[in-house]
Asks: 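Mind having a look at this structure? Questions to follow.
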Number of protein chains: 2
Amino acid sequence: MLTERQLLILRAIIDDYIQTAQPVGSRTLSKRDDLSFSSATIRNDMADLEDMGLIEKPHTSAGRIPSEVGYRYYVDHLVETKIIDERETYRLGERLRASAQESEVLIRQAADLLSDLTNYTTVALGPNSQMNRLARIDLMPLDERRGVVLIVTDQGHVEHRTVVFDSPMAPDLVEQTIRFLNDRLKGTPLGQLKFRIGEEVAKLRLAHQEQFEFMMQLIQSTVEVQHPASLYLGGKKNIFNQPEFQTLDTLRPFLEWIDEQERLTDWLESLPNREIYVSIGSENGIVALQNCSVITSDYTLDGKTFGTIAMIGPTRMDYRHGVQMMGQIIEALRRTKLEE
Amino acid sequence: MLTERQLLILRAIIDDYIQTAQPVGSRTLSKRDDLSFSSATIRNDMADLEDMGLIEKPHTSAGRIPSEVGYRYYVDHLVETKIIDERETYRLGERLRASAQESEVLIRQAADLLSDLTNYTTVALGPNSQMNRLARIDLMPLDERRGVVLIVTDQGHVEHRTVVFDSPMAPDLVEQTIRFLNDRLKGTPLGQLKFRIGEEVAKLRLAHQEQFEFMMQLIQSTVEVQHPASLYLGGKKNIFNQPEFQTLDTLRPFLEWIDEQERLTDWLESLPNREIYVSIGSENGIVALQNCSVITSDYTLDGKTFGTIAMIGPTRMDYRHGVQMMGQIIEALRRTKLEE
DNA sequence: GATTAGCACTCAGTAAATATGAGTGCTAAT
DNA sequence: ATTAGCACTCATATTTACTGAGTGCTAATC
């Protein structure tokens, strides 16, 4: 267990290191107003903290830097998660709503805003359209054999795909199939389209034996429309200002990793479903993010569960500020009503 | 005017430097099979080439490197633009068509392919939808006051926007307005929508005095649908392998510039309309691309003018190979038919 | 007159040698 | 329990010397 003074010292080391990115020495600490002990005393406590694995030294004659364990202790014991500054949240909400009422734009703004507030890089996973319900399917003919399948969801989300048919389209057959699809599938979550259609197809086969081929092709195409989750990156440039990313060896893996949209999406989707979650250094298990910490949170917009937002900075990140800003943003989003 | 030998030497210097990224000395050159002169002779010619501004030395005791003027001469006199390897073009075409028949996917593949072939970064500006003609407008209601405006073009391109109305939608009024818009605007290039609508509105005002407000709002929304040109980046990572971008000072401006989608689009659109155009070093006038050369070309797909593709590498880029690959790719695209 | 051999000179890059100073751990005094 | 004092460590900066690739010029050669 840590003594009062050791706690004070640990906190001072981390706060200092977060600000300066330089190892912190005992003399520097003893000069602080809130630590009125001699440097020798502090040195003794520092040795103890090091024995406990909370801090470490880069080399013999440097000061101490927090270890991952130290950061973990700091985050778990010394950072308050749930302080919402009402006025600030309101202001953030206003800034968000000023930009748009379209959800995808709103999320992008939120990512940008969060990265502006913290100077870290943010990633936001937009509405997962798998959960959206089908509002309408339509086929828009382009020429004899090509058309665009349109899928609109109850959230105003639109997806589409160009289809080329083996044979020319017969207008009434198209209309018939479209009506069939709309009748049977309206309200189905997109993620379940494929499954639901399977159930209906058997019935269809009996009713329209001869035109079955064509219908099947259209149905098939509908199912194959991709439902990509929308991904937004905010403040990618911020990484350039972090002292720990001033060398190519550290910068390159990060940039290569963050540019891989698909992997990024998978990662965000794989995160535990929580309100605010901090992952420190190697905890995240991603090689390219070894020296990064991540603050993630699911968010809701207009009351509905929506997606995930993440904030990525160096392990030496300002956890207190980061967690606070993240809290404010997701609270501001929660309070945002979409219409008007 | 350059002597035969000077030309040989200039060419050798540039070829060598392109490969090694190291200043080329006279002794190195004299050891080449195609230059059977003594190093002293070569030194004399090098001095002349330097006087003419075609090459320069980084410092007294280094070899020579090509100047921008030198590269320009090289590109204008020593690179053949129009050699199409039929078999290779065919192979590239096959690789492209294998991936998709949807134009946007195809362009993305082309950008990726080109960057794979050259190890440079590529940017492709997709179909400029401004030129696409309107095939259909529709409004899909979401609830009482919200709906999605859908715009489909003759090329199968889809754009959309969520609209919030001041007052609830009356179904027949919506239908009436949609029909009006479709009747009057079908076939209009998207770029001219705004202008064309202006002409029609006056007539509409007379005919439907009382519901004019609502109709106007819908029309307004239609016009405001954005027509973003689609932009694809290929091989961004390649830059990391270029020796001239191994330092943050050079890397950072490049990466920051290339990540700015909007600016990138503007830039591509502002390029002169040509088949294949090479811009060397500071010629491009972009500070972040001072040390880069760019090979750009407009391309056509399925016979129709389509967009622009650009290849960005260090000034010390392999112009011959780059120009050739660019030629092959746009030729492969030109020969690609979209249907089937 | 064109080419080449020879030589003094230049200068980036590297390596070894030295100095600096921030910080530590330990011991003895308070 | 705290603190002053001191020897010790080690990354970093500075100096110095060395190396070698490459040049420009001059004089000899073809």
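Lettering of chains follows the sequences in order, A, B, ..., and the numbering in each one begins at 1.
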Asks: Are there any protein N/O atoms within less than 3.5 Å of an N/O atom in nucleotides 28-30 of chain C, and if so, which ones and at what distance?
Replies:
none

Asks: For B:Arg5, does the CZ atom have more than 12 heavy-atom neighbours from other residues, nucleotides or ligands under 6.0 Å away?
Replies: yes
Asks: Only counting residues at least two apart or in another chain, list the ones meeting ring pair (Phe, Tyr, Trp, His ring centres under 6.0 Å) with A:Phe245.
Replies: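 Applying ring pair (Phe, Tyr, Trp, His ring centres under 6.0 Å) to A:Phe245 gives A:Phe254.
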Asks: Of all of residues 5-18 of chain A, which get a heavy atom below 4.0 angstrom from DNA chain C, listed by number?
Replies: none
Asks: Counting side-chain heavy atoms from CB outward, which of C:dT3, D:dT3, C:dA5 is closest to B:Thr41?
Replies: C:dT3
Asks: In whole angstrom, what separates A:Ile65's CD1 from D:dA11's C1'?
Replies: 14 Å
Asks: Tell me, please, which residues at least two apart from B:Asp85 pass salt bridge (Lys or Arg N to Asp or Glu O under 4.0 Å).
Replies: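 In terms of salt bridge (Lys or Arg N to Asp or Glu O under 4.0 Å), with neighbours along the sequence ignored, B:Asp85 is linked to no residue.
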Asks: If I take atom CG in residue B:Asn44 and atom P in nucleotide D:dC25, what distance separates them, rounded to the nearest angstrom?
Replies: 10 Å
Asks: May I have the distance from A:Ile42 (atom CD1) to D:dT2 (atom P), rounded to whole angstrom?
Replies: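 The answer, rounded to whole Å, is 12 Å.
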Asks: Report yes if the side chains of A:Asp259 and A:Lys236 come closer than 4.5 Å at any heavy-atom pair, otherwise no.
Replies: yes
Asks: Could you list the donor-acceptor pairs under 3.5 angstrom formed by side chains in residues 17-26 of chain B, with sequence neighbours left out?
Replies:
residue: B:Thr20; atom: OG1; partner: B:Asp16; partner atom: O; Å: 3.1
residue: B:Thr20; atom: OG1; partner: B:Gln22; partner atom: N; Å: 3.1
residue: B:Ser26; atom: OG; partner: B:Arg43; partner atom: NH1; Å: 3.2

Asks: Does the side chain of A:Ile312 come within less than 4.5 Å of A:Thr122's, by heavy atoms?
Replies: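 Of all side-chain heavy-atom pairs linking A:Ile312 with A:Thr122, none is under 4.5 Å.
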Asks: For residues B:Met311 and B:Thr121, determine if any side-chain heavy atom of one lies less than 4.5 Å from a side-chain heavy atom of the other.
Replies: no
Asks: What's the CG-C1' distance between B:Leu29 and C:dT3, to the nearest Å?
Replies: 17 Å
Asks: Using the salt bridge (charged side-chain N to carboxylate O under 4.0 Å, His left out) rule, collect all pairs that involve residues 237-250 of chain B, keeping only residues at least two apart or in two chains.
Replies: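 Residue pairs with at least one partner in residues 237-250 of chain B: A:Glu260-B:Lys237, B:Glu244-B:Arg316.
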Asks: Identify the two heavy atoms, one from A:Ser293 and one from A:Ile280, that lie closest to each other, and give their separation to 0.1 Å.
Replies: OG-CA, 3.3 Å
Asks: Which residues pass the side-chain contact (heavy atoms from CB on, under 4.5 Å) test with A:Thr265, sequence neighbours left out?
Replies: A:Leu125, A:Ala229, A:Leu231, A:Glu269
Asks: Show me the donor-acceptor pairs, under 3.5 Å and distance only, between side chains in residues 70-80 of chain A and residues at least two apart or in other chains.
Replies:
residue: A:Arg72; atom: NE; partner: A:Glu283; partner atom: OE2; Å: 3.1
residue: A:Arg72; atom: NH1; partner: A:Asp76; partner atom: OD1; Å: 3.1
residue: A:Arg72; atom: NH2; partner: A:Val278; partner atom: O; Å: 2.9
residue: A:Arg72; atom: NH2; partner: A:Glu283; partner atom: OE1; Å: 2.6
residue: A:Arg72; atom: NH2; partner: A:Glu283; partner atom: OE2; Å: 3.3
residue: A:Tyr74; atom: OH; partner: A:Asp15; partner atom: OD1; Å: 2.7
residue: A:His77; atom: ND1; partner: A:Tyr73; partner atom: O; Å: 3.1

Asks: Measure all distances between protein nitrogen or oxygen atoms and nitrogen or oxygen atoms of nucleotides 22-24 of chain D, and list the pairs falling under 3.5 Å.
Replies:
residue: D:dG22; atom: O4'; partner: B:Ser61; partner atom: O; Å: 3.2
residue: D:dG22; atom: O3'; partner: B:Ala62; partner atom: O; Å: 3.1
residue: D:dT23; atom: OP1; partner: B:Arg64; partner atom: NH1; Å: 3.2
residue: D:dT23; atom: OP2; partner: B:Ser26; partner atom: N; Å: 3.2
residue: D:dT23; atom: OP2; partner: B:Ser26; partner atom: OG; Å: 2.7
residue: D:dT23; atom: O3'; partner: B:Lys57; partner atom: NZ; Å: 3.2
residue: D:dG24; atom: OP1; partner: B:Lys57; partner atom: NZ; Å: 2.8
residue: D:dG24; atom: OP1; partner: B:Arg64; partner atom: NH2; Å: 3.2
residue: D:dG24; atom: N7; partner: B:Arg43; partner atom: NE; Å: 3.1
residue: D:dG24; atom: O6; partner: B:Arg43; partner atom: NH2; Å: 3.3

Asks: Compare side-chain N and O positions of A:Ser38 against OP1 and OP2 of D:dT3 and report whether any pair is under 4.0 Å apart.
Replies: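 Yes.
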Asks: Are B:Gln6 and B:Met46 close enough that some pair of their side-chain heavy atoms sits under 4.5 Å apart?
Replies: no
Asks: Would you say CZ of B:Arg91 has more than 12 non-hydrogen atoms from neighbouring residues, nucleotides or ligands within 6.0 angstrom?
Replies: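 Not more than 12 within 6.0 Å, no.
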Asks: Is there any protein nitrogen or oxygen under 3.5 Å from a nitrogen or oxygen in nucleotides 13-20 of chain C, and what are the pairs?
Replies:
none

Asks: Roughly, in whole Å, what's the span from CD in B:Gln22 to P in D:dG20?
Replies: 17 Å
Asks: According to the Watson-Crick and G-U wobble definition with distances under 3.5 Å, which dot-bracket string, read 5' to 3', encodes DNA chain C, using [ ] for crossing pairs and | for pairs with another strand?
Replies: ||||||||||||||||||||||||||||||
Asks: With sequence neighbours left out, what residues match A:Arg252 under side chain to side chain donor-acceptor pair (under 3.5 Å)?
Replies: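 In terms of side chain to side chain donor-acceptor pair (under 3.5 Å), with neighbours along the sequence ignored, A:Arg252 is linked to A:Glu256, B:Asn241.
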Asks: What is the separation between atom CG on A:Leu35 and atom C1' on D:dT3, rounded to the nearest whole Å?
Replies: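 For the pair A:Leu35 CG and D:dT3 C1', the rounded distance is 16 Å.
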Asks: Can a side-chain donor-acceptor contact be found between A:Thr89 and A:Gln328 if the only test is distance below 3.5 angstrom?
Replies: yes
Asks: Hey, are B:Tyr299 and B:Thr308 close enough side-chain-wise for a donor-acceptor pair under 3.5 Å?
Replies: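 Short answer, no.
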